[in-house]
Student: 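There's a structure below that I have some questions on.
Just so you know, these numbers use all the heavy atoms, side chains as well, and skip hydrogens, waters and symmetry mates.
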Amino acid sequence: MSASLSPTIGSLLREWRQRRRLSQLELALDAEVSTRHLSCVETGRAQPSREMVMRLAARLEVPLRERNRLLTAAGFAPMYGERRLDDPALNAAREAVDLVLRGHEPYPALAVDRHWNLVSYNRAVPPLLAGVSAELLVPPVNVMHLSLHPEGLAPRILNLAQWREHAFARLRQQIAACADPQLEALLESLQRYPAPTRVSALADAAMVVPLQIESPAGVLSLIGTTTVFGTPVDVTLSELALETFFPADEATATALRSLYAQHATA
């Protein structure tokens, strides 16, 4: 019975096409297939080849994890492997992550998986977590919960209203891109946290949304960037992101260097 309830390749392709807001004609032209054949695939009257599944998945920018699902639904073996990050086959990738994190010191940087669970971090991160509830630091540590929870970093984020909306926007973009129900559940849980009332005029005037947070060394103003692996063929690597933070001003740079030095010698 479970097999009969499994989504068909046609229904999955139609779902991704609609998610990308493309008509059958637009997708067919982009993928260089006939509109009639695409229609027959979506309705189940025709079975696509492996090549066609991969071509359509590429044009629809389907994540690797979901491309495997498309292949399976079409009766083909998955194409992309999924290894643990500590798998020997990923040694080079893991070393690259560690190199980026260490090289970013004395500024904070961390690696997260597709659900925003903490994978790794550099030595500039722990000094910023002073006062956070111990329960939020029990693995797996979810970075979104850690930053927005009332017992996490939220009370120390001066522009919490803006940062909260920035975090929600990031999650909505991910949900639109990968249709992950766990991300939808994460967003719903974060939205239940008390909404802040304080608004930072500085954040509103900035070109980007900084993370303005109180620390033992004073107020820090951080600009975040995100780095991902280029052209990955492993599901784990395709879903790994490096979140790096840079000082938005010289006062923050000085404070971060001071915090890092104190932590390194402690």
Student: Checking the side chain of Gln47 only, and the main-chain atoms of Ala74 only, is there a donor and an acceptor separated by less than 3.5 Å?
Tutor: yes
Student: In a table with atom names and distances, give each donor-acceptor pair under 3.5 Å that connects a side chain of residues 27-37 to protein atoms at least two apart or in another chain.
Tutor:
unit_1, atom_1, unit_2, atom_2, d
Ser34, OG, His37, N, 2.9

Student: I'd like to check the salt bridge (charged side-chain N to carboxylate O under 4.0 Å, His left out) partners of Arg123; sequence neighbours left out, ordered by chain and number.
Tutor: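 Only Glu105 meet the salt bridge (charged side-chain N to carboxylate O under 4.0 Å, His left out) criterion with Arg123.
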Student: Sequence neighbours excluded, which residues qualify as side chain to side chain contact (heavy atoms under 4.5 Å, CB included) partners of Arg192?
Tutor: Glu188, Ser189
Student: Enumerate the side chain to side chain donor-acceptor pair (under 3.5 Å) contacts for residues 71-82, please, sequence neighbours excluded, ordered by first and then second residue.
Tutor: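 Non-adjacent pairs meeting side chain to side chain donor-acceptor pair (under 3.5 Å): Arg65-Glu82.
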Student: Does CD belonging to Glu184 count more than 12 external heavy atoms closer than 6.0 Å?
Tutor: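 More than 12 within 6.0 Å, yes.
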Student: Would you call Glu15 and Arg69 a salt bridge, using N to O less than 4.0 angstrom?
Tutor: no
Student: Mind checking what makes side-chain hydrogen bond (donor to acceptor under 3.5 Å, both in side chains) contact with Glu243, not counting sequence neighbours?
Tutor: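 Testing Glu243 for side-chain hydrogen bond (donor to acceptor under 3.5 Å, both in side chains), a comparison that skips the adjacent residues, returns Arg170, Thr226.
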Student: Does the distance from a Lys or Arg side-chain N to an Asp or Glu carboxylate O, for Asp234 and Arg83, drop under 4.0 Å?
Tutor: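 Counted as a salt bridge, because a side-chain N and a carboxylate O are separated by less than 4.0 Å.
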Student: Please examine the side chains of Pro108 and Leu256, heavy atoms only from C-beta on, and report whether any two atoms are closer than 4.5 Å.
Tutor: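 They are in contact (side-chain heavy atoms under 4.5 Å apart), so the answer is yes.
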Student: Hey, which of Leu183, Leu186, Leu187 is the one that makes side-chain contact (heavy atoms from CB on, under 4.5 Å) with Met144?
Tutor: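 Of the listed residues Leu183, Leu186, Leu187, the side-chain contact (heavy atoms from CB on, under 4.5 Å) partner of Met144 is Leu186.
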Student: Strictly below 4.0 Å, N to O, side chains only: are Arg17 and Glu26 in salt-bridge contact?
Tutor: no
Student: For Pro78, is there any backbone N or O sitting under 3.5 Å from a side-chain donor or acceptor partner on Asn68?
Tutor: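 No, Asn68 side chain to Pro78 backbone: no donor-acceptor pair under 3.5 Å.
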Student: If you take the centroid of each ring, where Trp contributes its six-membered ring, are His104 and Phe246 closer together than 6.0 Å?
Tutor: yes
Student: Test of understanding: with ring-ring contact (aromatic ring centres under 6.0 Å, His included), list the residues that count as partners of Phe168, not counting sequence neighbours.
Tutor: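 So Phe168 forms no ring-ring contact (aromatic ring centres under 6.0 Å, His included) with any residue.
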Student: State plainly whether the residues Arg156 and Glu214 are in salt-bridge range, i.e. N to O under 4.0 Å.
Tutor: no
Student: What orientation do His166 and Trp163 show, parallel under 30°, tilted 30 to 60°, or perpendicular over 60°?
Tutor: tilted
